[in-house]
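Working notes for the structure below.
All chains are named by letter (A, B, ...) in the order of the sequence lines, taking the proteins before the strands, and each is independently numbered beginning at 1.
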Amino acid sequence: MEETKFTPQTWPDKAEQATLEGKNKFVGIWIFICSDITLFASVFATYLSLKDKGPAGMEFSAASLFELPLAFVMTMLLLTSSLTSVYAMYHLKNHNFKGVQIWMSITVLLGLGFLALEIYEFYHYVHIGFGYTQSAFSSAFFTLVGTHGLHVVIGLVWIVCLIVRNAKRGLNLYNAPKYYAASIFWHFIDVIWVFIFTVVYLMGVLG
Amino acid sequence: MMKGLKKWRLFSLLAVMTVFLSACGEEYITTLKPTGAVGKEQFNLLLFSIAIMALVTIVVSVLYLYAFMKARRSKLGEDYMPKQVEGSHTLEVIWTVIPIILLLILAVPTLISTYKFADVKAMDEVDEEGNKTALTVNVTAKLYWWEFEYPEQGIVTAQELVVPTDEKVYFNLKAADVKHSFWIPAVGGKMDTNVENVNKFYLEFGKESADLKDGVFYGKCAELCGPSHALMDFKVKVLDRDGFNDWVAAMQATEGQTASAESTDLGEQTFANSCLMCHAVSGVGASGAMGPNLTTFGDRNRVAGVLEHSKESLENWVKDPESIKPGNLMTGKYGELSDEEISAVADYIMGLSIEE
Amino acid sequence: MSSAAVTNNKGFGATLWDYLTTVDHKKLGVMYLFAGTLFFAIAGFEALLMRLQLMIPNNDFVSAGTFNELLTMHGTTMLFLAATPLLFGFMNAVVPLQIGARDVAFPFLNSLGFWLFFLGAIFLHLSFFLGGAPDAGWTNYASLALYSPGHGIDFYVLGLQISGAGTLISGINFIVTIITMRAPGMTFMRMPLFTWTTLITSALITFAFPPLTVGLFLMLVDRMFDANFFDHTMGGNTIIWEHLFWIFGHPEVYILVLPAFGLFSEIIPVFARKRLFGYSSMVFATILIGFLGFMVWAHHMFTTGLGATANAIFAVATMAIAVPTGMKVFNWIMTIWGGSVKVTVPMLYALGFIPSFVAGGVTGVMQAAAPLDYQLHDSYFIVAHFHYVIVGGIVTAIFGSMHFYWPIMFNRALSEKLGVWTFWIFFIGFHCTFFIQHFLGLMGMPRRVFTYQADQGWDLFNFISSIGAILMAIGVVLLVINIIITAKSKPLNCRDYWGDGRSLEWAIKTPVPFYNFKQTPLVRGYDPYWLEKHDGNKEGMIYAEPLGDIHMPNNSILPLVMSIGMFVAAFGALYHPDGKAWAIPVLILGLAITVGAMIVRSVKDDLGFHVHVEEIVATEEHLYGNGGNK
Amino acid sequence: MGHDTQFQAKSKKQYEYDRHHNAVHMRKQVVNFAIMIFLTFLAFAVVVADFSAYFIKPVILLLAGVQVVLQLYSFMHMDDKKASHMGVISTFVWFGAVIAFTMFLTFLTIIWW
Ligand code: HEA
Ligand code: HEA
Ligand code: CUA
Ligand SMILES: [Cu+2]
């Protein structure tokens, strides 16, 4: 199987689900995402009930802390990276391996940009005294956004591993499901971010 | 099935159960001989639900035994091949609908009582002069003791709750350190004392406690709170309204009472030097003390909630509280005392009383 | 590789290596079974110590602090480390056979799940030797848990975090297996009930464990890294813990009881020689219980002070669960009705289960009546309730299924005679221990007390209860003896040991070869093996494919390595608050081991290997003599 | 568990059809992306425009909801009926959403100060 290479003509229609293992990976990543939904729901709910709560006389509040321009740029980066990974999957369907690699790499770059901004944001907060242990609010904020950030890191490492290790192998039925699963995961990260920018940042500045 | 069960049968079943259940337990602690409206209502709900549950269990058991007895292979023969039935819609409807009906029947008193017990509006009602009409007690649960503050009366006591009969007594419940739960089984259900908020509920005390074995109802901490959770008991003294008023007056009269380090009494002197920073000997004040208020200690029923009320156990307590209540917050806070001092301080504390 | 599996006589080292690296669902099933039994014995022993302490008033057999440790470890171990793995053992051993699969969807993850669970469990138990076990109850309520000195709670948090990750992984694995790997013809509505309950249980795991993970994480950072989630002086709130815990905790009890229901739904039809009554309503009830299980958690918090409306909603929702559960009970009874019941040991457990579980279930409904629960909550009534459903429902299922499935799992049969003794002693002991506790609760005895005063009228009943616990212990010891004796008995080498097997797992000859069915069976209806048998099919099954090469996954040591990494990292986190200089490096080292193993895993292609036709024929001849599996 | 592959060359027609289909699909995705960007813009805009909070909150939540459904059904292909076991998967996803919603509801209503 490894020796014979696929061509766009022989590449099956739903390549990522053409083998049993592919199907398993596909269903598996989705079920994992389902469990991640309740994971995020828990952190989110915790954040909501601890928002703006702190020791008596705490000076920080969501309304005074969050800055929309930064959140907006981060949102745009992540949203765009979602689209680029769709492009990668488009090329995967057409068995255009180079296209897959290039678009996945762009996705990684955008993801890195997002991550850099997030790190900058955290650094900034800590710098002005809003550290992890400052209040219940700060703990909940960093935990929620940090959990999302951790997902971004995992997604990036995952995609980079795929890009690197498959560089010489080309696209086949063994690694197509892996790309596909990674891209589904990456979209899910974006889904979560939609809630974060809406609930944490936008509703945050509303107070 | 339900129709056949005439009302009187249900009642006689209930009656039999009441007799059986109330044979259980000691009157001052059991939920099965409740006093007061709250406890009684909960007890009735208990009887009612037991009746339903007994019915369910009996029906299921009879069906099951009957099915089993008829279907034993030892009777039918080794080769008997039963008919392979898929199921039956009629039966399925029956055993879906009947439980639903039973549950609806149970849900009605459940919902009524839930809302009723949560109704604490009367707590804030005032008469024309602006005085609260209802008696309110602020309960603070602490590792491993209870503080009872009567905000309207301006008094505070510990370990022994004193309340009047036949009126709603409202409680503000909170915990000072970790979560506990306030429970007087013979009077009504419990309510947790949380660390971050005040819970409110009410109880009613149906009869005076004087003729009980110890002259008090028993109260319990019902939430695991550390090693001595099992020992975090309190007592409830229920007086008639006049008796209660007298008690309040006597408490208020202790205003300003304190122990003097200059006293000639070794007990008082020791107390003033070693104990007074945590234990008050005046009943007037608010909650928030480090240790139980000892103004009424001589009138109490137990030492530290669990020990027999005697000088000997008091001495044992002061000598080594840790051996009695592991993890308590008194241990090691007051230096070494000689046996003589302990004996004297015990005499002094035993003498603190507001009853004649 | 594959030929190694044919030869049985391997040295100890090779066998050990085989088990450490195996990804075979049958071997992992056996490992789960033994690990679970070990922890069941430990936790049962802890229960015994508690009962001995409570036998007489004012007893000083164990100290207050020790009692709290025993009680916490008993509850935690029983639920997470005994009942769950024992049920996982059966799921692993049986479900792939029941659906005619070669293995689970992710054999590697299956092994990882086991090792995470096992090392997490070991980590938790090390607390006994490293300065004290957790002591805040299995519910670990935040205020007490933050207050508790020493490292007990830290062991709880980290140990459960690790073993919980294992459970979550296994849960996802089973879902995928059941969704994608059923043999041709096995539609959802032809799946055996144990497979169904495994599916729903795994779904509950998928949704319920993440809230626990989050709760534990918040507790971890609060205790070890000075976060403020539960510290109310810093704006935190302990009720968050209660919610997160019970959002997990209530589904958890159904996670345990659903597979038990499934096991009984397998046992009863076999010994009643009759098709399971109302199959589709059984499936429906399972799904409904799973769904409702998520909507009722606050019934554990009626006295927390959530307010009347919340209590009312949750009370009614809780009561609703009685309906689907009742459907199940009546379906079992109707399966027996008109059947031909053979009273073997598994059936004995099933017969004992029905009334015991109903008795436990109805007290649950009583507790669901919120105002009544104000009296019952945190009293011994609760203890009685949940031991009735747990011991009467889950432990009977486990013991019964041990007898039931031992022939498939080990190619040996447990002694029926000893089994009957075990059953009666255990069963009588069980009722003796817990029936009386209902009354203790009503008589005002709170739970989680290390001792009680003599003047409260509880002495006699506590004494009776403790005697019951001793009887149960004797029963368990008999079971262990039975297992030991059986290990020395002759192999069965048979098919359909009980004679009336219905589902696919009975169609295969024991010992089951490592690739399961040599050809994937074709399923023509519900109870496929029964169908074939009664159509006079001598082969046992008809097959969906010709005999061909079989593709199997490779063994791997990496799951163990990853789990060890987590184990090491946990020590780093644990000792961090003590200001030990090596703590953070150890934490990083452990995580590095895990991540390193993951990278190795992802960089190396793992394509598995093929068992060729000749090898299959040889294996079958070796196992079953001439002619192979016919 | 074979990933044994069968090479099967598509007919030219099929191949071209698939290519075309994929391209059309991709165009749709780009349109969806544009909608998402627009929704995001809108959400930020109403906040910056400083309307009454009672108006903004439901609106941005609604926008978020729409966007998430778009993500799930278009980018994550939940609309793809042919994908293996999509029915089961969406049942799981929506059940997860229901649980998440219940959690928000309780954490916002019955945790207090
Ligand atoms: C396997 C475990 C298991 C199972 C199956 C159940 C099943 C149920 N449980 Fe239980 N429960 C626990 C394990 C379990 N529980 C544990 C461990 C705790 C304590 C946790 C702790 O605090 O440490 C607990 C605590 C607990 C509480 C909290 C009590 C408190 O702390 O105050 C409540 C309250 O509602 C409750 C209710 C129920 C109900 C309604 C069911 C229902 O599912 C039962 C349904 C079954 C039946 C009702 C019987 C069969 C039905 C019929 C024959 C039909 C007809 C019936 C009627 C019309 C009534 N349980
Ligand atoms: C699966 C769950 C499960 C099971 C099976 C059991 C089984 C038992 N439990 Fe359980 N129990 C819980 C789950 C369980 N429990 C939980 C969740 C709690 C709440 C904890 C908390 O409050 O936080 C609890 C609490 C609890 C209490 C209340 C403690 C308190 O509140 O103070 C008591 C007291 O009687 C008790 C007793 C028992 C007994 C006697 C058994 C018996 O059935 C046990 C029988 C088994 C044995 C006796 C083992 C015998 C084995 C040996 C002696 C070793 C021999 C070994 C070899 C030869 C290899 N348990
Ligand atoms: Cu206070 Cu238990
Ligand atoms: Cu529950």
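Under the rule for a salt bridge (Lys or Arg N to Asp or Glu O under 4.0 Å), A/Lys168 has no partner lying at least two apart in sequence or in another chain. Under the salt bridge (Lys or Arg N to Asp or Glu O under 4.0 Å) criterion, D/Asp18 pairs with D/Lys10, sequence neighbours left out. For A/Arg165, the salt bridge (Lys or Arg N to Asp or Glu O under 4.0 Å) partners at least two apart in sequence or on another chain are C/Asp605.
No part of A/Trp186 comes within reach of chain D, as not one of its non-hydrogen atoms sits under 4.5 angstrom from that chain. Proximity to chain D (any heavy atom under 4.5 Å) is shown, for A/Thr198, by both the backbone and the side chain. For A/Leu79, the parts lying near chain D are the backbone and the side chain together; criterion is any non-hydrogen pair under 4.5 Å. Using a 4.5 Å cut-off between heavy atoms, D/Leu108 touches chain A through its side chain atoms alone. Interface residue D/His77: only side-chain heavy atoms are found under 4.5 Å from chain A. For A/Phe72, the parts sitting under 4.5 Å from any heavy atom of chain D are the backbone and the side chain alike. Heavy atoms closer than 4.5 Å to chain A are found in both the backbone and the side chain of D/Gln29.
Atoms CG and CZ, from D/Leu61 and A/Phe195 in turn, are 8.5 Å apart once rounded to the nearest 0.5 Å. Note that the CZ atom of D/Phe107 and the CG atom of A/Leu50 stand 9.0 Å from one another [nearest 0.5 Å].
Across D/Arg19 and A/Asn94, no two heavy atoms sit closer than the pair NH2-O, 3.0 Å. The two atoms that bring D/Ala97 and A/Ile37 nearest to each other are N-CG2, 4.3 Å, heavy atoms only.
Ranked by heavy-atom pairs under 4.5 Å with chain A, the list D/Ala53, D/Gly65, D/Ala43 is led by D/Ala43. When the candidates A/Tyr180, A/Phe40, A/Tyr201 are compared by the number of heavy-atom contacts under 4.5 Å with chain D, A/Tyr180 comes out ahead. Most heavy-atom pairs under 4.5 Å with chain A, from the set D/Lys57, D/Met103, D/Met36, D/Met26: that is D/Met26.
The main-chain N or O of A/Val191 is never found under 3.5 Å from a side-chain atom of D/Gln71 such that the two would form a donor-acceptor pair.
Considering only heavy atoms from C-beta on, A/Leu83 comes within 4.5 Å of D/Phe75 through its side chain. A/Trp30 places none of its side-chain heavy atoms less than 4.5 Å from the side chain of D/Phe92. Looking only at side-chain heavy atoms (C-beta outward), D/Val93 and A/Ile33 stay at 4.5 Å or farther from each other. Side-chain contact between A/Lys93 and D/His25 is present, with at least one heavy-atom pair separated by less than 4.5 Å. For the pair D/Ile89 and A/Phe26, the minimum side-chain heavy-atom distance is below 4.5 Å.
Annotation for D/Phe38: atom CZ does not count as buried by contact number, only 12 or fewer foreign heavy atoms lying within 6.0 Å.
The contact list for residues 135-156 of chain A toward chain D, using heavy atoms and a distance under 4.5 Å, is empty.
Between A/Phe197 and D/Phe44, the ring planes lie parallel to each other; the angle is under 30°, not in the 30° to 60° tilted range.
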